[in-house]
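Note sheet for the following structure.
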Amino acid sequence: MHMTTIQCSHDILVIGAGITGLLAARTLQAHGQTVIVLDKGRGVGGRMATRRIGSAVFDYGAQFFTARDQEFNALVDVWRAGDVALEWCRGFAGPDGVAHTDGHPRYRGSTGMTAVPKYLARGLEIVLGQRVTSAEALIDRWRVRTEQGETFFADSLLLTAPVPQSLAILDAGATALPAEIRYALDAVSYHPCIALMIQPETSRLPSPGAIQFSEGPIAWIGDNVQKGVSPHAAITLHADAKFSRDNWNSDDAKIISEIHSAASAWVKEPVSDVQIRRWRYAKPEILHPEACLSLEAPLPLVFAGDAFGTPRVEGAALSGLAAARALLGRV
Ligand SMILES: Cc1cc2nc3c(=O)[nH]c(=O)nc-3n(C[C@H](O)[C@H](O)[C@H](O)COP(=O)(O)OP(=O)(O)OC[C@H]3O[C@@H](n4cnc5c(N)ncnc54)[C@H](O)[C@@H]3O)c2cc1C
């Protein structure tokens, strides 16, 4: 049972401290808005996730990012200049063990993928460990409640959680959306991904330390030591979307055994103490066509994230910037 606490009102409340929410919040704050960011996680970054297990370090969500858009490239230049991000390589190996380079830099966070969101979080008002349960439109402002018993108020609301989770928050606050908007948002869908974190004795992955597969059950196998983020053996394995969907409710032991045997050419030893993370909304499958979705009524409300416009880390970042512009356009 939690005590109910009521927080002072902000111009803008952002749900989600992933790259979308953080970039939006920074931009809004830089333009003089009072901004608060809420996240249910223990740290910032969302799917740009790094975990330490003993002395091993794993990137277990996004593994790298690319930069094609000019605006995003300018941000990446700043992160690189500040040693927040760096180039990992220009292409990964295929299942044949041969590296395929294509000239496009693949970037990583300097100490793991969370290095970027941690940097973006500096100077922002972020409240972690707050799972938002409802967002209700009062006459003149939003009332946002959390499972932890806190209540927050804001003039505008920016939703950056995966779309089904954002819709559940509005539904719980009885906030109705116009039918055509609701229809478009209900159409957004995501692929799941089951991630395994393994600490083998040795790694046999070809340079630059990762293999991309075009056929399941494995989509990705990455060596966090060769990548440069872990001092001790740390392998991340991602099951492909089909295996992840088919085995979502399977025992961990069955998942570990099947994925480990599919990866036996690269992880030969028996493995124990494998950690599993099930990402229900890993990567968007059907996207909303706009970089963000902005509504005026009942109160200012914006949806953003990697399912808006273009996917991946880059698409999420661009969506966050678009959301900030949409909100600033109203001020
Ligand atoms: C396994 C995996 C591999 C990937 N590989 C790559 C890759 O190699 N390259 C690439 O570019 N992209 C990759 N991606 C995709 C990339 O991680 C995402 O596109 C990007 O990080 C999305 O950022 P976001 O801010 O939109 O969402 P998120 O990072 O998901 O942030 C949303 C935040 O909302 C919070 N939240 C949700 N619900 C609530 C609630 N009720 N209350 C409070 N907070 C809430 C979450 O905790 C989360 O922190 C991968 C993703 C996964 C899962």
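This structure is a prediction, so every number in the text was calculated from the model and none was measured. In this chain, numbering begins with 1 at the start of the sequence shown.
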Any donor-acceptor pair under 3.5 Å linking the side chain of [X] with the backbone of [Y]?
X      : Y      : answer
Thr114 : Ala49  : no
Thr101 : Gly91  : no
His260 : Val267 : yes
Asp251 : Ala253 : no
Ser110 : Asp83  : yes
Arg26  : Leu120 : yes
Glu258 : Ile256 : no
Gln226 : Leu205 : yes
His288 : Glu290 : yes
Thr160 : Gly305 : no

Give the C-alpha distance, both sets of side-chain angles, the deciding distance and a yes or no for side-chain contact (heavy atoms from CB on, under 4.5 Å) between Leu167 and Phe303. CA-CA 10 Å; Leu167 289 173; Phe303 289 84; 4.2 Å; yes
Measure the spacing between [atom1] of [X] and [atom2] of [Y] and express it to the nearest 0.5 Å.
X      : Y      : atom1 : atom2 : answer
Ile211 : Asp223 : CD1   : CG    : 10.0 Å
Gln33  : Leu28  : CD    : CG    : 6.5 Å
Leu328 : His31  : CG    : NE2   : 5.5 Å
Arg52  : His232 : CZ    : NE2   : 10.0 Å
Ile276 : Ile198 : CD1   : CD1   : 9.0 Å
Leu159 : Cys292 : CG    : SG    : 11.5 Å

Minimal non-hydrogen separation, [X] against [Y], with atom names:
X      : Y      : result
Pro192 : Ser244 : O-CB, 3.7 Å
Ala24  : Leu158 : CB-CD2, 3.4 Å
Ala25  : Val35  : CB-CG1, 3.8 Å
Leu124 : Gln29  : CD2-OE1, 3.6 Å
Leu23  : Ala317 : CD1-CB, 3.4 Å
Ala67  : Asn73  : O-ND2, 3.2 Å

Examine the side chains of Asn224 and Thr236 and answer whether a donor and an acceptor come within less than 3.5 Å of each other. yes
Does some side-chain heavy atom of [Y] sit less than 4.5 Å from a side-chain heavy atom of [X]?
X      : Y      : result
Gln148 : Arg131 : yes
Arg312 : Asp306 : no
Tyr190 : Arg280 : no
Ser294 : Val302 : yes
Ile19  : Phe65  : no
Ile255 : Arg278 : yes
Asp102 : Arg106 : yes
Leu301 : Trp142 : yes

Would Asp240 and Phe243 count as a side-chain contact (heavy atoms from CB on, under 4.5 Å) here? Give the steps. CA-CA 6 Å; Asp240 76 343; Phe243 180 94; 3.2 Å; yes
Can a salt bridge be assigned to the pair Glu136 and Arg145 using a cut-off of 4.0 Å between side-chain N and carboxylate O? yes
Quick one: do Lys227 and Asp59 make a salt bridge, cutoff under 4.0 Å?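 Between Asp59 and Lys227 there is a salt bridge, with a charged N closer than 4.0 Å to a carboxylate O.
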Between Ile126, Val14, Val144, which is the residue that forms a side-chain contact (heavy atoms from CB on, under 4.5 Å) with Leu38? Val144
Determine, step by step, whether Met113 and Arg47 satisfy the side-chain contact (heavy atoms from CB on, under 4.5 Å) criterion, reporting the C-alpha distance in whole Å, the side-chain angles of both residues, the deciding distance to 0.1 Å, and the verdict. CA-CA 9 Å; Met113 292 300 277; Arg47 281 171 275 164; over 6 Å; no
Quick check: are there more than 12 heavy atoms from other residues, nucleotides or ligands sitting under 6.0 Å from NE2 of His100? yes
Same cluster (ILVMFWY, side-chain, under 4.5 Å), Leu138 and Phe152: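 Result: no, two separate clusters.
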Joint hydrophobic cluster, Phe72 plus Tyr107, side-chain heavy atoms closer than 4.5 Å: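 Same cluster: Phe72 reaches Tyr107 through Ile, Leu, Val, Met, Phe, Trp or Tyr contacts under 4.5 Å.
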Between Trp220 and the options Trp266, Tyr60, Phe64, the ring-ring contact (aromatic ring centres under 6.0 Å, His included) test singles out Phe64
Would Arg277 and Trp279 count as a cation-pi pair here, with the cationic atom under 6.0 angstrom from the ring centre and within 45° of the axis? yes
